[in-house]
Amino acid sequence: MQDKPARGGARGKLRAHFLANLGRVMDSDELRAVADNQSEWARGVRELRTEEGYLILTHNDRSELKPGQYLLESAKPQPAFARAISKETRAFVLDRNGFTCQMCGAVAGEPHPYDTTRKTRLHLGHVIDKSMGGTDDAANLRAICSVCNQGASNATLTRPDLQKILVQVRRATAADQLEVLKWLMTKFPQQAKSHLLTKP
Ligand SMILES: [Zn+2]
């Protein structure tokens with residue numbers, strides 16, 4: 001029997017290993033060996049992501065990674081705002097946005113529409129960038145998926161306005177319009193029901 005390693009020991013070893021191997025894909029066996037412990041390594045990786053902000057990528061973030069593979073490309077952790085935002089604010093923003101990416105419409109936990117091998121993972125992004133005076137308030141935050149987050153700097157960040165959406169729907173084929181209707185009725189079951197009941 002060996003003694004339990006000191007708290008944070010596994011995480012520290014993993015951090016050093018990731019930083020010494022930037023850009024190299026590693027698998028879970030390697031990380032388990034680095035952490036000297038069968039059970040602590042997964043938690044260590046998770047804490048490096050959530051508590052220290054390191055963007056350790058998995059198959060959910062990158063299509064070229066297989067399940068059980070990990071990759072750290074940058075030694076720079078995520079900006080502090082992403083970690084400083086409270087759990088409550090995070091939950092509030094995600095709930096307000098319907099757990100849906102506000103750029104591409106991908107839904108958290110579902111296969112990503114642009115790449116169905118990836119599960120959609122949502123992050124918080126700023127509506128008005130910090131560099132433009134935006135704040136970390138819930139009103140200036142929104143849900144963005146990891147796919148859009150990667151290309152966020154060179155993509156248009158504006159949400160299409162209602163007029164543009166209606167034009168797109170009106171121009172769509174009847175089959176596509178029915179898909180939109182189905183989706184809306186699933187999303188708003190109460191409204192769909194009362195609308196049908198009040199219509200003659
Ligand atoms: Zn997206």
Side-chain angles (χ1 to χ4, degrees), residues 23 25 45-46 48-50 53-67 69-74 76-173 175-188:
V25 175
V45 171
R46 194 168 63 239
L48 287 174
R49 285 183 73 128
T50 57
Y54 286 104
L55 287 169
I56 298 170
L57 306 170
T58 71
H59 69 287
N60 286 327
D61 304 298
R62 287 289 169 83
S63 52
E64 67 264 28
L65 295 176
K66 296 187 188 72
Q69 289 189 326
Y70 298 82
L71 171 66
L72 180 64
E73 290 180 320
S74 166
K76 216 177 114 196
Q78 264 191 309
F81 91 85
R83 288 170 280 140
I85 290 167
S86 70
K87 273 186 189 149
E88 289 75 18
T89 300
R90 193 183 148 75
F92 173 79
V93 172
L94 292 178
D95 187 60
R96 188 191 61 201
N97 288 160
F99 297 90
T100 304
C101 173
Q102 298 302 292
M103 287 177 72
C104 72
V107 178
E110 292 185 1
H112 196 278
Y114 298 165
D115 179 352
T116 50
T117 61
R118 292 167 68 168
K119 216 187 253 179
T120 301
R121 183 177 271 159
L122 293 179
H123 308 268
L124 292 187
H126 289 102
V127 178
I128 297 168
D129 199 76
K130 294 275 271 185
S131 64
M132 306 291 284
T135 68
D136 291 342
D137 295 340
N140 191 44
L141 294 170
R142 60 182 179 165
I144 296 291
C145 76
S146 45
V147 172
C148 291
N149 203 30
Q150 270 170 38
S153 51
N154 45 25
T156 19
L157 289 168
T158 45
R159 217 195 308 193
D161 62 29
L162 178 62
Q163 207 50 44
K164 278 187 191 148
I165 293 170
L166 288 176
V167 167
Q168 292 293 323
V169 173
R170 285 179 191 135
R171 286 171 56 201
T173 62
D176 284 353
Q177 287 173 340
L178 277 173
E179 281 302 311
V180 173
L181 179 63
K182 252 192 269 173
W183 184 82
L184 285 171
M185 287 175 76
T186 317
K187 176 147 188 183
F188 301 105

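Atoms within each ligand, like the ligands themselves, are counted from 1 in listed order. Note that these values count all heavy atoms, side chains included, but never hydrogens, waters or copies made by symmetry. Note that the structure is predicted; figures quoted are calculated from it, not measured.
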Only counting residues at least two apart or in another chain, list the ones meeting side chain to side chain donor-acceptor pair (under 3.5 Å) with E73. R62
Write down the atom of I56, the atom of L48, and the distance for their closest heavy-atom approach. CD1-CB, 3.8 Å
Answer yes or no: does atom CD of Q163 have more than 12 heavy-atom neighbours from other residues, nucleotides or ligands under 6.0 Å? no
In chain order, what residues pass the ring-ring contact (aromatic ring centres under 6.0 Å, His included) check against H123, with sequence neighbours excluded? none
Using a cut-off of 6.0 Å, state whether more than 12 heavy atoms not belonging to K66 lie near its atom NZ. no
Only protein N/O/S atoms count here: give how many lie under 2.8 Å from the Zn ion (ligand 1). 4
Residues that K182 engages under side chain to side chain donor-acceptor pair (under 3.5 Å), provided they are two or more places apart: E179
